[in-house]
Amino acid sequence: MSVPTHPATALLDAQGCLTEAAIAALVAAPPGRGPEALAVHLAACNRCQERVLAAGVPGPRTGAPRRQVAPPLSRTLLLVGLILVSMLLFFLSLRRLTVP
């Protein structure tokens with residue numbers, strides 16, 4: 001006599017964690033629309049949570065990190081000039097308010 005298998009238990013491995021097929025079903029489902037039995041198990045199992053999070057991350061990067069490029073000097077000088085003009089206008093308006 002065979003033991004009937006529940007659909008949710010068919011998606012669990014020998015350790016009681018989600019199989020790769022179950023993780024793929026959860027990842028493929030829209031947010032909040034995954035199979036309820038799998039979502040309930042996932043809420044209680046730290047190992048499965050880590051595996052699902054790792055499933056959504058691409059593999060290791062193979063290329064060299066990109067070098068960051070400094071902004072052009074003209075843009076930096078323009079920003080510094082605008083800051084100085086703003087400070088000058090602020091102090092002029094402050095002087096007008098304090099001088100009778």
Side-chain angles (χ1 to χ4, degrees):
M1 181 170 162
S2 66
V3 177
T5 59
H6 189 269
T9 58
L11 296 175
L12 298 177
D13 62 9
Q15 296 175 336
C17 288
L18 298 176
T19 61
E20 293 301 321
I23 290 175
L26 278 171
V27 170
R33 304 271 190 219
E36 187 176 345
L38 299 180
V40 168
H41 173 79
L42 184 63
C45 182
N46 288 334
R47 181 174 180 259
C48 290
Q49 290 173 10
E50 290 176 6
R51 289 174 59 211
V52 168
L53 289 173
V57 176
R61 295 182 180 174
T62 56
R66 287 185 12 188
R67 187 171 172 228
Q68 291 185 354
V69 179
L73 182 61
S74 60
R75 189 183 337 164
T76 304
L77 292 175
L78 176 66
L79 181 63
V80 169
L82 289 173
I83 291 172
L84 291 175
V85 168
S86 298
M87 289 175 59
L88 177 67
L89 292 174
F90 170 74
F91 287 122
L92 286 175
S93 64
L94 187 62
R95 184 168 185 250
R96 280 190 152 195
L97 291 173
T98 57
V99 174

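All residue numbers refer to positions in the sequence shown, counting from 1. We use all heavy atoms of the structure for the numbers below, so side chains are in, but hydrogens, waters and symmetry mates are not.
For residues 18-45, the set of pairs meeting the side chain to side chain donor-acceptor pair (under 3.5 Å) definition, not counting sequence neighbours, comprises E20-R51. Pairs of residues two or more places apart, or lying in two chains, never qualify as side chain to side chain donor-acceptor pair (under 3.5 Å) while including a residue from residues 70-99.
Both F90 and I83 belong to a single network of hydrophobic side chains, linked directly or stepwise wherever heavy atoms of I, L, V, M, F, W or Y lie under 4.5 Å apart. In this structure, L73 is not a member of the same hydrophobic cluster as L78, with clusters built from ILVMFWY side-chain heavy atoms closer than 4.5 Å.
Side-chain contact check for V80 versus L84: some heavy-atom pair is nearer than 4.5 Å. Counting only heavy atoms from C-beta outward, the side chains of L12 and L18 approach each other to under 4.5 Å.
When all heavy atoms are compared, the tightest approach of L26 to G34 is CD2-CA, 4.3 Å.
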Original post:
Could you go step by step and tell me if L89 and V85 meet the side-chain contact (heavy atoms from CB on, under 4.5 Å) rule?
Top reply: CA-CA 6 Å; L89 292 174; V85 168; 4.1 Å; yes
